[in-house]
Amino acid sequence: MSDTRASVTEEETGSQVGTYLRGAGLGDRNGPLTGAPRCPFRLRGSEPEGLSNAQEGEFLRMLGPAPAAELPGGRARVVVDYDLALRLAAGPHVSRDARQHWQHLPHAEGVLAAWTGTHNALNSEGDDHKRFRAPISAALSRRRVETMGPEIEAIVADALADVSGSSSVVDLVQAFALRVPTQVITRLLGVPEASLAAFQTAAAGLFDTAAAPDEMAQSMMAVLGLLGQMVEEKRQSPGDDLVTDLIQAADASEEALSDAELRDQLMLIVIAGTETTVHAIGTLLVHLLSHPRQRRLILEGAATMEDALEESLRLQPPVSAVPLRFAVNDFTDPSSMESFARGEEILIHIAATGRDPRVHDAPETFDVLRTTSRRHLAFGHGIHFCPGAPLARREVVIAVTKWLEAFPHCRLAVSEDELTLVPSFISNGFREIPVLLH
Ligand code: HEM
């Protein structure tokens, strides 16, 4: 998850943005698309001195519903219009299958290679996608989410007990938000007690955005190794866990998944289900801690924690974009009249679509009573819609409710403006959240 931010030319948007653009050193890299026309924008991701993903989205919106932008290692049409994003994600002209539809795949590098080069549910379509996704959906069934309820409560209670004595500043991300989803995923997968510490260390390494590429590769190999071992073990002695469910559902399908394919789907679950939920917990808590009146509406029963979560997901989604989609043929969207060329890269800017002024009044305001809060793409749309959404929603509501009950006087130790976001155009959450508990 490398560096990010966005930019527009001075003539197009005024001097403030022009200043930013000069600072960003626009257009000095075209990645694998050398020779392609240069784009007016470079999506880079949030940095302390730069723009947040949401601000990048606002600048892009001034250029149209789907302007071209540079990404680290490539370029894409970045979709900021909510309705256009819905039509593209669920329509017949766009695919996530890079192997079929992206001629640049063999030359892809860095973050784009990592996100498009894998063979899992996220990067497949049609029968391939059904084959990969069906066992995941079965394993993340309503029953499993319900049975996880008491376990999530226990994990949250342990994490709260560990921080409760602290009288100095606590980083809510490390002390709490990170701990809950990591432990939920470990229990969900049924990681054996003996491998628990090794798995958690390796999994935590996957989210260390400051790690060097070889360290990241090592963490990846370590997690894959442990997952492979677990698939073998659970085949021998099945348990009441997601790996066993996944194996059974995969074996029952017409074209059974190999152990390597099963391991890759598990890896997707570990990646998709951890950092996302960490940010969802942290961001909702920041919104509620910095908007006491909104919090009071929940205490008074005028709104629920579920309402607050949807509003938080709309305003600052934990994932700002999930690379990449591709045009499967030349086509023009009849409503927006935007044309796309076959093979063109498409990136849905989830953070921008949640603030589309044609969908939401005063989109920058955090309003738990907003009637349009649920019109967001935080969990995607179409056949790739996040199968972990019910579990994630459950985890976040329990974690945030219990935190606020345990620490009713908790407050941010810095102003909201001083919080910094992780430097990524993909991941969209706070690096750390210093708070005082009492
Ligand atoms: C707040 C937390 C979460 C957020 C914001 C989130 C968001 C997303 C998004 C945006 C996508 C891509 C959808 C698209 O391309 O249209 C996705 C896919 C996916 N997510 Fe989540 N996710 C979260 C939690 C989870 C959890 C807890 C799990 C599993 C335990 C999970 C598993 C997956 C999987 C397997 C996919 C790929 C589905 C497919 O391509 O068919 N996610 N998620």
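Numbering of ligands and ligand atoms starts at 1, following listing order. What you are looking at is a predicted structure, and each value in this text was computed from that prediction instead of being measured.
Proximity of a side-chain donor or acceptor of N428 to a complementary backbone N or O of P317 within less than 3.5 Å is detected. Although no hydrogens or angles enter the test, the distance criterion places a donor-acceptor pair under 3.5 Å between the side chain of K234 and the main chain of G190. A donor-acceptor pair under 3.5 Å is formed between the side chain of S141 and the backbone N or O of R144.
Using a 4.0 Å cutoff on heavy atoms, G382 does not count as a contact of ligand 1. No heavy atom of N123 sits closer than 4.0 Å to any atom of ligand 1. Not a single heavy atom of H279 sits closer than 4.0 Å to an atom of ligand 1.
The distance from ligand 1 to the heavy atoms of G380 drops below 4.0 Å at these ligand atoms: 10 (C), 13 (C), 14 (C), 16 (O). Near L268, with a cut-off below 4.0 Å to any heavy atom, the atoms of ligand 1 are 35 (C), 37 (C). Taking every non-hydrogen atom of I383 and a distance limit under 4.0 Å, the qualifying atoms of ligand 1 come out as 41 (O). Ligand 1 places these atoms under 4.0 Å from at least one heavy atom of A280: 1 (C). Within the listing of ligand 1, atoms 16 (O) sit less than 4.0 angstrom from a heavy atom of H381. Each of the atoms 10 (C) of ligand 1 lies under 4.0 Å from some heavy atom of V322. The distance from ligand 1 to the heavy atoms of A121 drops below 4.0 Å at these ligand atoms: 40 (O).
The residue L313 has no part lying near ligand 1, judged by heavy-atom distances below 4.0 Å. Residue Q265 does not touch ligand 1, judged by heavy-atom distances below 4.0 Å. At a heavy-atom distance under 4.0 Å, only side-chain atoms of R325, from C-beta outward, approach ligand 1. Both the backbone and the side chain of L122 come within 4.0 Å of ligand 1, counting heavy atoms alone. Counting heavy atoms under 4.0 Å from ligand 1, residue H384 touches it through both backbone and side chain.
The side-chain tip of R77 points at the ring of F340 from less than 6.0 angstrom away and within 45° of straight on.
Ion pairing between a basic and an acidic side chain is recognised when a charged N comes within 4.0 Å of a carboxylate O; R358 and D83 show no such pairing. The existence of a salt bridge linking R293 and D367 is excluded, since no basic side-chain nitrogen approaches an acidic carboxylate oxygen closer than 4.0 Å. Look at E310 and R393 and you find a salt bridge, because one of the NZ, NE, NH1 or NH2 atoms lies within 4.0 Å of a carboxylate O, short of that distance. Ion pairing of E261 with R131 is present here, as a side-chain N (NZ or NE/NH1/NH2) and a carboxylate O approach within less than 4.0 Å.
For atom 30 (C) of ligand 1, the closest heavy atom belonging to the protein is I269 CG2, 3.6 Å. Of the protein's non-hydrogen atoms, the one nearest atom 6 (C) of ligand 1 is F379 CD2, 3.6 Å. Closest protein heavy atom to atom 20 (N) of ligand 1: C386 SG, 3.3 Å. Protein heavy atom at the shortest distance from atom 27 (C) of ligand 1 is G273 CA, 3.6 Å. Nearest to atom 23 (C) of ligand 1 among the protein's heavy atoms is T276 OG1, 3.5 Å. For atom 19 (C) of ligand 1, the nearest non-hydrogen atom of the protein is P387 CD, 3.7 Å.
Residue-to-ligand polar distances place R96 within reach of ligand 1: an N/O pair is separated by less than 3.5 Å.
Note: W102 and H104 have perpendicular aromatic rings, judged against thresholds of 30 and 60 degrees for the angle between ring planes. Below 30°, between 30° and 60°, or above 60°: for W403 and F176 the angle between ring planes is between 30° and 60°, a tilted geometry.
In this structure, CG on L309 lies 8.5 Å from CZ on R374, to the nearest 0.5 angstrom. If you take OG1 on T274 and CD on Q183, they are separated by 11.5 Å, rounding to the nearest 0.5 Å.
The ring of H349 has its center no closer than 6.0 angstrom to the ring center of F425.
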### Message
Show, in sequence, the C-alpha distance, side-chain angles and deciding distance for R61 and E58, and conclude whether the salt bridge (charged side-chain N to carboxylate O under 4.0 Å, His left out) test is met.
### Response
CA-CA 5 Å; R61 203 187 306 287; E58 290 322 301; 3.0 Å; yes

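Closest to atom 25 (C) of ligand 1 by heavy atom, among A392, A272, A139, is A272. Comparing heavy-atom distances from atom 5 (C) of ligand 1 across S137, A89, A378 singles out A378 as nearest.
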